[in-house]
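Report on the structure given below.
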Protein chains: 2
Amino acid sequence: MGTREQIVDAANRLFYEQGFERTSFAAIAESVGISRGNFYYHFKTKDEILEAVIQARLASTREMLATWDEGSAGPLERVRRFAEIVITNQGDIENYGCPVGTLTNELAKLGHPSRAHAVGVFEVFRTWLRGQFEELGRTADADDLAMYVLTFTQGVATLSNAFRDRDFVRREVARLNTWLTEQIAIA
Amino acid sequence: MGTREQIVDAANRLFYEQGFERTSFAAIAESVGISRGNFYYHFKTKDEILEAVIQARLASTREMLATWDEGSAGPLERVRRFAEIVITNQGDIENYGCPVGTLTNELAKLGHPSRAHAVGVFEVFRTWLRGQFEELGRTADADDLAMYVLTFTQGVATLSNAFRDRDFVRREVARLNTWLTEQIAIA
DNA sequence: GTCTATACGCTGATAGAC
DNA sequence: GTCTATCAGCGTATAGAC
């Protein structure tokens, strides 16, 4: 893995764990094992690293969803799998929250121009979820249902981070799965 | 209003709009109209200001809910009013997110010892909501329902902050109100 | 491509005059 | 209680040797 790629990888992780603004060049450099000076050969400003991290997240998200689409599971199972991310990533969410929601909010508070790009990750999930509901026959309100599922994940992630209560997460996932079953019964 | 109270007020607002760590002493001092030096007469460290802000938020939250309880509205109307906060505070939420969820997450990422106190604001809402559902006759699962309503507000706030789509917020509030009607029908 | 050395503003925080 | 003056440390960023 090239140095630039290592920097983006380390920054991606640190931006998630500590936040964008709090993460210093020194911390990223130390994480990668290079000097602070060498840093500026690859990225001229901190905003450039942020942009690279956002692009990497967009790419990895699209890749993950494409892999899911290629699998044998149907759209209902795929949406269930998406909702269960709050269980799969439970430890990280308890410690740091959802990487998408917390970054977009931090950039909103900073008034950062890259905020819109960060929201793009939400848009990738939204579009993908909409496609799943369309496959399930809910073409008229597929986007509404997609937004509802996104709302669910963000609400659970925020409260999982606050309360760190695994029973709560399990119950809410069960509630969403019941809701999902009702939705496809309607279609 | 005393100087100390003004400091807490300004810090409360700035912590919400800019985040805790990003808000500097200089910014708070400027907002209040005092010098940076005078600051340390009232608060010895930044963490002390944070604690004062959290205590102020706890007090104002309790006060607001007590006022609601004293009103003529029943528990169902009160819960609806709570859910509609995402519309009442729509502008601020679009710009800065939910003050409770974003502070608890920032403190989680910082590993800050006051995180638990910040979560206390969530606990105040949770306890109050639980009481409303108990009044509605859902004693067995009042806490689950309370957590669901909290999950709703946090999810909507995060996506309202990301997408800034007022139709989405309106639709989700309508969806919750429908859900609430179903819940009291069960009881 | 990677390093060391360095500039310089802003941070939280302190000391002491008034 | 409020002020000015000042501190040490860290932040991003640059210059230039290797």
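Residue numbers start from 1 in every chain, and the chains themselves are labelled A, B, ... in the order their sequence lines are given, proteins ahead of strands. Below, all heavy atoms of this structure are taken into account, side chains as well, without hydrogens, waters or symmetry copies. Only a predicted model underlies this, so the values are computations on that prediction, with no experimental measurement involved.
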[X] vs [Y] aromatic rings, parallel, tilted or perpendicular, using cut-offs 30° and 60°?
{"X": "A:His112", "Y": "A:Phe20", "result": "perpendicular"}
{"X": "A:Trp128", "Y": "A:Trp68", "result": "perpendicular"}
{"X": "A:Tyr16", "Y": "A:Tyr96", "result": "perpendicular"}

- Quick one: A:Phe39 CZ to D:dA13 C1', roughly how many Å, whole number? 12 Å

Does the distance from a Lys or Arg side-chain N to an Asp or Glu carboxylate O, for [X] and [Y], drop under 4.0 Å?
{"X": "B:Asp92", "Y": "B:Arg13", "answer": "yes"}
{"X": "A:Glu77", "Y": "A:Arg80", "answer": "no"}
{"X": "A:Glu106", "Y": "A:Lys109", "answer": "no"}

Inter-residue atom distance [X].[atom1] - [Y].[atom2], 0.5 Å rounding:
{"X": "A:Ile186", "Y": "A:Arg138", "atom1": "CD1", "atom2": "CZ", "value": "4.5 Å"}
{"X": "A:Asp144", "Y": "B:Arg171", "atom1": "CG", "atom2": "CZ", "value": "4.0 Å"}
{"X": "B:Thr158", "Y": "B:Phe163", "atom1": "OG1", "atom2": "CZ", "value": "11.5 Å"}

- Query: Near DNA chain C, which residues from residues 103-116 of chain B have a heavy atom under 4.0 Å away?
  - Reply: none

- Take atom CD of A:Glu48 as the centre, draw a 6.0 Å sphere, and report whether it contains more than 12 heavy atoms from other residues, nucleotides or ligands. yes

- Item | Interface with DNA chain D, restricted to residues 1-10 of chain B and to heavy atoms under 4.0 Å | B:Thr3

- Message: Return a single string for nucleotides 10-18 of chain C, one symbol per nucleotide in 5' to 3' order, where B is base contact, S is sugar-phosphate-only contact and - is none, cutoff 4.0 angstrom on heavy atoms.
- Response: -SSBB----

- Query: Does the side chain of A:Tyr41 get closer than 4.0 angstrom to OP1 or OP2 of C:dT2 through an N or O atom?
  - Reply: no

